[in-house]
Amino acid sequence: MYDRTLINASSPGDEITVVGWVHEVRDLGGLTFLLLRDRSGILQVKFEKETLSSETLSILDQLYRESVVLLTGMVVSEKRAPTGIELVPKTIEILALSDPNLPLDPSGKVTSELSTRLDKRCIDLRRIETRAIFEIRSEIQRSIRQRFYDIDCIEINTPKIVATGTEGGTDLFPIAYFGKEAFMNQSPQLFKQLVAGGGIERVFEIGPIFRAEEHNTTRHLNEATSIDFEAAFIDHEMAMEVAEDIISIAYHSVSENCPQQLHTLSLDGLSIPETPFPRISYDSAIEIANGSSDLSEPLEWGDDLSTQAERIIGSTMATHYFITDWPSEIKPFYIQNHDESPEISKGFDLMHPSMELVSGGQREHRYDSLIDALQNQGLNPIDFEFYVDMFRYGMPPHSGWGMGADRLVMSMLQLDNVREVVLFPRDRNRLAP
RNA sequence: GCCCGGAUGGUGUAGUGGCCUAUCAUACGACCCUGUCACGGUCGUGACUCGGGUUCAAAUCCCGGUCCGGGCGCCA
C-alpha cells in the first residue's frame with residue numbers, strides 16, 4: 001500500500017516515508033516535537049514553526065494523539081533526540097484522525113484498569129507492554145510448534161463441536177445442532193488418542209477448549225488455548241520428558257528471540273527453569289502440604305490438592321515440578337492404573353510454583369480395562385462408543401498430556417491475571433469484544 | 001455453585017454525614033515558550049452506577065437492582 005520505512009530501520013541520511021500513530025505531541029512554542037509510533041518503535045519528528053507552511057501548521061493543530069499519519073522527510077542524526085535520530089519532515093498527511101477522548105492512554109502516563117483495557121483491547125494493543133506480551137506469546141507457540149515437528153509429530157485439528165463430554169458432560173456449553181444435542185468440546189483428549197492410536201502415532205494440537213464452569217479466578221477462562229500432545233508407544237515417563245522439554249524450549253526461545261519485549265516487561269534475564277524438573281509422588285505432595293503450618297485443613301489420601309496446598313508445595317519446590325502416582329479415583333477414566341497397585345494411576349501433573357500447567361498420563365489402551373474404568377466412574381460406555389469401540393482393533397500403548405497455553409505465557413511473564421495474555425478473553429461475564 | 005469487595009470528569013484517583021460550588025494527575029481548549037524526552041508555566045472545560053429510604057443535611061449511612069473485581073470449589 002505504502003512504500004514505507006519501519007522506524008527501527010531508518011538511519012541518518014535516508015529520505016523516507018513513515019506511517020504510524022501520533023504517540024505524543026510536545027509543543028514548545030516555536031518548536032514542536034511529534035513522537036510517531038509504528039510497530040517497530042518510536043521516532044521523533046521535529047517541526048520548526050517558522051519554516052512551516054500555514055497548511056502544515058493547521059494539520060499539526062488537529063493532530064490528536066493516536067491519529068494515524070504519513071510523513072516524508074529526511075532522517076538526521078541528532079544526539080539531543082531520544083533515539084539519536086530524528087525526522088525533519090517534508091510532508092505530512094493525516095490518514096485517520098483520532099477522537100481526543102481516548103478510552104485509555106497508550107503512552108502509559110495514566111494507567112487503566114484491566115477491564116477497561118479489555119473493553120477497548122484494540123487501543124490497549126497500542127501500549128508497548130501489551131504488544132510485547134502477544135509477541136512473546138507468538139514466539140512461544142512458534143517454538144513449541146517447531147519442537148513438536150522436530151520430534152516427528154504431526155499437527156492435527158480435532159472437532160470443537162461434539163456429541164459427548166470427555167469425562168461426563170456436566171461442565172460443557174450446550175449448543176443447538178440441527179435439533180440434536182451437542183456441546184463445545186472441553187478437550188481434544190479422546191480425538192487425539194484416536195489419531196495417535198490410529199496410524200499417525202505422534203500428534204499435537206494447539207487449539208481452543210471450552211469449559212462452562214462459573215469460576216471466578218485470575219487463572220480460569222471459559223475459552224482457553226490448550227497445547228495437546230499424544231504419542232503411541234511411549235509411557236507416562238517419556239510423556240513427562242516431552243512436557244518438560246517443551247516448557248524448556250519455550251523459555252529458551254523467548255529468552256533468545258525476544259530480548260526487547262522482555263525488557264519492555266522488565267523481565268531482562270528471564271530465568272529459565274532447569275530440566276529435568278523434580279518428580280514427587282502424590283503421597284509426598286500430601287506430606288509436604290500437611291507438614292506446613294499454613295495449611296488450614298489437612299489433606300487425606302484421595303483428596304485433590306487444594307489451591308492452598310498447591311501454593312505451599314509450590315513454594316517448597318520453588319521450580320517447575322511433576323506430581324506423579326495420583327490416586328486412580330481422582331484421575332479421569334482414560335488414565336491407566338499401575339498393574340501392581342491399581343489404586344495408583346500413571347497420571348501426572350506438571351506444576352509451576354503458582355499453578356497447574358499440564359495434566360497428562362499413560363492412557364488405558366486395553367479394551368476390557370477401559371470399559372471397567374468407565375463404569376467405575378459411573379459413566380456409560382455406550383455414550384463413548386465412537387471412542388471405546390476403536391480399542392477393539394489394536395490400540396497401541398500410548399501417553400500424552402494437555403498444557404494450558406495461556407497459563408504457560410502468564411506464568412513465564414509473571415503476570416497476575418490470565419486475561420492479560422489472551423486477546424479477547426471469555427470469562428463468566430465477558431462475552432465481547 | 002458458595003463467599004467477599006467495589007462503582008466519582010475520556011482515563012486513573014482523593015474524599016467515611018455539614019468544611020464538596022468534589023481533590024490531584026492525565027486528556028482537551030486558550031495564552032506564553034526553539035531541544036523536549038512523563039516538556040514546563042498561567043487560566044479554563046469536564047464526574048459522584050441506577051431506584052427507593054433514613055436525616056435539618058447523603059458521594060459518604062440503609063435496602064434493592066445493574067455492572068465490575070476477587071477468593072474458594074474445580075480445573076488447563
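In this text the structure is predicted, and so the values were computed from the model without any measurement. A note on names: the letters A, B, ... follow the listed sequences, proteins ahead of strands, and every chain is numbered from 1.
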Taking the six-membered ring for Trp, is the centroid-to-centroid distance between A/Phe384 and A/Phe333 below 6.0 Å?
->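 Between A/Phe333 and A/Phe384, which both carry aromatic rings, the centre distance is below 6.0 Å.
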Heavy atoms from C-beta onward define the side chain here; which of [options] lies closest to that of [X]?
| X | options | result |
| --- | --- | --- |
| A/Glu50 | B/G12, B/U34, B/U26 | B/U34 |
| A/His215 | B/G70, B/C28, B/C72 | B/C72 |
| A/Ser115 | B/C68, B/U36, B/C28 | B/C68 |
| A/Val110 | B/G35, B/C75, B/A25 | B/A25 |
| A/Arg219 | B/G73, B/G35, B/C74 | B/C74 |
| A/Arg407 | B/G73, B/U26, B/A76 | B/A76 |
| A/Glu310 | B/C68, B/C75, B/G35 | B/C75 |
| A/Glu356 | B/C75, B/G73, B/C28 | B/C75 |
| A/Asn417 | B/U34, B/C68, B/G70 | B/G70 |
| A/Gln44 | B/G71, B/U36, B/A38 | B/U36 |

What's the gap between [N] and [M] when it is taken at their [atom1] atoms, as a whole Å value?
| N | M | atom1 | value |
| --- | --- | --- | --- |
| B/U21 | B/A58 | P | 11 Å |
| B/A25 | B/G35 | P | 25 Å |
| B/A47 | B/G9 | C1' | 4 Å |
| B/G73 | B/G15 | P | 33 Å |
| B/U54 | B/U60 | P | 15 Å |
| B/C24 | B/A38 | P | 24 Å |
| B/U16 | B/G52 | P | 26 Å |
| B/C61 | B/A57 | C1' | 13 Å |

When you check the gap from the basic side-chain N to the acidic O, do [X] and [Y] get nearer than 4.0 Å?
| X | Y | answer |
| --- | --- | --- |
| A/Lys192 | A/Asp228 | yes |
| A/Arg137 | A/Asp406 | yes |
| A/Arg279 | A/Asp325 | no |
| A/Arg363 | A/Glu230 | yes |
| A/Asp105 | A/Arg65 | yes |

Quick one: look up who [N] pairs with, Watson-Crick or G-U, both distances under 3.5 Å, and put none if it's unpaired.
| N | result |
| --- | --- |
| B/U42 | B/A30 |
| B/U11 | B/A25 |
| B/C75 | none |
| B/C67 | B/G6 |
| B/A59 | none |
| B/A47 | none |

Does A/Asn222 offer a backbone N or O that forms a donor-acceptor pair with the side chain of A/Arg211 under 3.5 Å?
->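 Not confirmed, A/Arg211 side chain does not pair with A/Asn222 backbone.
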What's [X] touching, base or sugar-phosphate or nothing? Going by heavy atoms closer than 4.0 Å.
| X | answer |
| --- | --- |
| A/Asp304 | sugar-phosphate |
| A/Arg127 | nothing |
| A/Val418 | nothing |
| A/Arg117 | nothing |
| A/Lys49 | nothing |
| A/Thr307 | base |
| A/Thr32 | nothing |
| A/Leu357 | sugar-phosphate |
| A/Thr225 | nothing |
| A/Pro103 | sugar-phosphate |

OP1, OP2 of [N] versus side-chain N and O of [X]: anything below 4.0 Å?
| X | N | value |
| --- | --- | --- |
| A/Ser359 | B/A76 | yes |
| A/Tyr64 | B/G10 | no |
| A/Arg419 | B/G70 | yes |
| A/Asn101 | B/G9 | no |
| A/Thr218 | B/G71 | yes |

Measure from [atom1] on [X] to [atom2] on [N] and round the result to the nearest Å.
| X | N | atom1 | atom2 | answer |
| --- | --- | --- | --- | --- |
| A/Lys192 | B/A76 | NZ | P | 10 Å |
| A/Asp427 | B/G69 | CG | P | 6 Å |
| A/Glu66 | B/G10 | CD | C1' | 14 Å |
| A/Arg428 | B/C3 | CZ | P | 12 Å |

For A/Phe173 and A/Phe210, run ring pair (Phe, Tyr, Trp, His ring centres under 6.0 Å): C-alpha distance rounded to whole Å, both residues' side-chain angles, the deciding distance at 0.1 Å, then the answer.
-> CA-CA 7 Å; A/Phe173 287 108; A/Phe210 306 90; 7.2 Å; no
Which comes earlier along RNA chain B counting from the 5' end, the contact point of A/Asp27 or that of A/Glu78, where each point is its nearest nucleotide?
->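 By nearest-heavy-atom nucleotide position, the 5'-most residue is A/Glu78.
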Of A/Asp61 and A/Ala81, whose closest RNA chain B nucleotide lies nearer the 5' terminus?
->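 Residue closer to the 5' terminus by nearest nucleotide: A/Asp61.
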Taking atom types as modelled, is there a side-chain donor on A/His252 or A/Ser255 under 3.5 Å from an acceptor on the other?
->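 A/Ser255 and A/His252 do not have a side-chain donor-acceptor pair below 3.5 Å.
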Do A/Glu86 side-chain and B/G35 base share a donor-acceptor contact under 3.5 Å?
->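 Between B/G35 and A/Glu86, which were checked side chain against base, a qualifying N/O pair under 3.5 Å is present.
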Would you say the side chain of A/Lys109 and the base of B/G12 hold a donor-acceptor pair, judged only by whether the two atoms sit under 3.5 Å apart?
->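 Absent.
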